[in-house]
There are 2 protein chains.
Amino acid sequence: MTHPSDSRAYFFKIDTTIKKIRNVLQKRFNEEGFDLTVDQWVLIDHVARNEGISQNTLAELTTKDAPTVTRILDLLVKKGLVERRMSEEDRRKFNIYLKPEGQKTFETMLPVVKEIRRQGWGELSDEDYGHFVRIMDSIYQNFSD
Amino acid sequence: MTHPSDSRAYFFKIDTTIKKIRNVLQKRFNEEGFDLTVDQWVLIDHVARNEGISQNTLAELTTKDAPTVTRILDLLVKKGLVERRMSEEDRRKFNIYLKPEGQKTFETMLPVVKEIRRQGWGELSDEDYGHFVRIMDSIYQNFSD
DNA sequence: AATCAATAGTTAGTAAACCAATTTGTGCTC
DNA sequence: GAGCACAAATTGGTTTACTAACTATTGATT
């Protein structure tokens with residue numbers, strides 16, 4: 001390996017790490033009896049912080065595409081956690097809201113998710129966080145041309 | 001945000017970055033006329049470097065699970081790039097080999113993949129690579145208890 | 001030699017990602 | 001106000017991930 005960028009390692013490491021995180025989250029959700037997938041949680045989280053958000057905006061914020069958001073919302077609606085309300089000013093749009101049950105789910109799950117975030121970061125420092133953000137942003141940026 | 005680990009940012013950043021990498025790879029594959037998905041490429045790559053590997057070992061090396069490997073191999077076999085040969089010493093196992101067409105595909109695609117790796121790493125330094133590996137391994141390790 | 005747990009791989013079902021195509025609605029222009 | 005490009009959301013098809021259940025084979029124990 002003459003240079004790091006020559007190795008397969010960095011794609012692989014990112015892939016492995018995100019898979020691990022998702023696995024840990026999902027397993028913990030199941031243990032706690034939370035009937036949600038990780039991606040369903042991600043949407044709930046964003047709707048909770050942006051009541052009345054549109055599906056397209058939700059897609060942007062989560063870096064999911066429109067069909068994916070449609071289908072995850074279908075499941076959340078079926079579970080009674082979320083509702084679509086017709087937008088007043090644009091009849092193509094829906095405004096997405098948490099139902100009371102969804103709000104309760106959000107509040108119950110949030111502390112657990114926060115705990116897992118802390119566990120993952122462990123003893124890494126603020127300086128490490130700086131490195132991390134800089135490196136990830138840089139890779140992203142290098143691919144956005 | 002009192003502490004980095006309190007923010008949603010690091011899960012999200014890893015997720016976003018790997019998605020970006022996969023998108024760039026896939027788009028480039030399509031432009032070049034390579035009829036493979038990224039994950040199919042990952043298997044080809046590992047088989048090329050480990051002729052006769054078993055499916056289970058392939059699964060370990062790629063952090064994919066057994067059913068996923070089965071199905072991706074099914075597709076690669078159908079495309080005529082790979083073949084399963086019965087193992088001599090254990091009739092439960094297959095040994096996986098590239099067919100000539102698969103070898104050709106591997107050799108054609110490898111330089112392109114290397115180029116994209118280099119592009120992604122860009123001007124980041126060897127020191128950055130050290131930080132990167134340490135941080136990713138640390139997160140992984142924090143979740144492996 | 002017979003049993004039985006463990007291993008390699010497959011199959012089935014659900015969820016999510018991506019692309020392409022479609023439907024409905026908006027707003028601009030002529 | 002008719003036509004047209006554009007936008008929001010949905011639908012369909014293929015691929016991958018995860019779990020669980022299943023088949024066939026191996027190897028260890030008794």
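First the proteins, then the strands, lettered A, B, ... as listed; each starts at 1.
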Subject >> B/Phe34/B/Trp41 aromatic ring centres below 6.0 Å >> reply: no
**OP:** For B/Glu83, check side-chain contact (heavy atoms from CB on, under 4.5 Å) against everything at least two apart and list the hits.
**Re:** B/Arg85, B/Tyr97, B/Lys99
Subject >> Residues that B/Asn56 engages under side-chain contact (heavy atoms from CB on, under 4.5 Å), provided they are two or more places apart >> reply: B/Ser54, B/Ala66
Original post:
Does any residue of residues 22-44 of chain B have a heavy atom under 4.0 Å from DNA chain D, and if so, which ones, in number order?
Top reply: B/Thr37, B/Asp39, B/Gln40
Original post:
Near DNA chain C, which residues from residues 77-93 of chain A have a heavy atom under 4.0 Å away?
Top reply: A/Asp90, A/Arg91, A/Arg92
Subject >> Counterpart residues, side chain to side chain donor-acceptor pair (under 3.5 Å), relative to B/Asp137 (two or more places apart) >> reply: A/Lys13
Original post:
With sequence neighbours left out, what residues match A/Phe143 under ring pair (Phe, Tyr, Trp, His ring centres under 6.0 Å)?
Top reply: none
Original post:
With sequence neighbours left out, what residues match A/Phe94 under ring pair (Phe, Tyr, Trp, His ring centres under 6.0 Å)?
Top reply: none
Original post:
Over how many whole Å does the gap from B/Lys19 atom NZ to C/dC18 atom C1' extend?
Top reply: 11 Å
Subject >> N-O pairing of B/Arg49 and B/Asp45 below 4.0 Å >> reply: yes
**OP:** For DNA chain C, determine which residues of residues 62-72 of chain A have any heavy atom closer than 4.0 angstrom to one of its atoms, and list them numerically.
**Re:** A/Lys64, A/Asp65, A/Pro67, A/Thr68, A/Arg71, A/Ile72
Original post:
Just checking, any donor-acceptor pair under 3.5 angstrom between side chains of A/Gln55 and A/Lys93?
Top reply: no
**OP:** Check salt bridge (Lys or Arg N to Asp or Glu O under 4.0 Å) between B/Arg92 and all other residues, then give those that pass, not counting sequence neighbours.
**Re:** B/Asp90
**OP:** Give the rounded distance in Å between these two atoms: CD1 of B/Ile18 and P of C/dA17.
**Re:** 14 Å
Subject >> Whether over 12 other heavy atoms sit under 6.0 Å from B/Asn30 CG >> reply: yes
Original post:
First and last nucleotide of DNA chain D touching chain B, 5' to 3', heavy-atom cut-off 4.0 Å?
Top reply: D/dT15 to D/dT26
Subject >> Residue whose closest nucleotide on DNA chain D lies nearer the 5' end, A/Gln55 versus A/Asp15 >> reply: A/Gln55
**OP:** Tell me, please, which residues at least two apart from B/Thr17 pass side-chain contact (heavy atoms from CB on, under 4.5 Å).
**Re:** A/Ile14, A/Met136, A/Ile139, B/Ile21
Subject >> With sequence neighbours excluded, residues passing side-chain contact (heavy atoms from CB on, under 4.5 Å) with A/Arg134 >> reply: A/His131, B/Leu124, B/Asp128
Original post:
A/Leu43 pairs by side chain to side chain contact (heavy atoms under 4.5 Å, CB included) with which of A/Leu58, A/Thr37, A/Leu61?
Top reply: A/Leu58
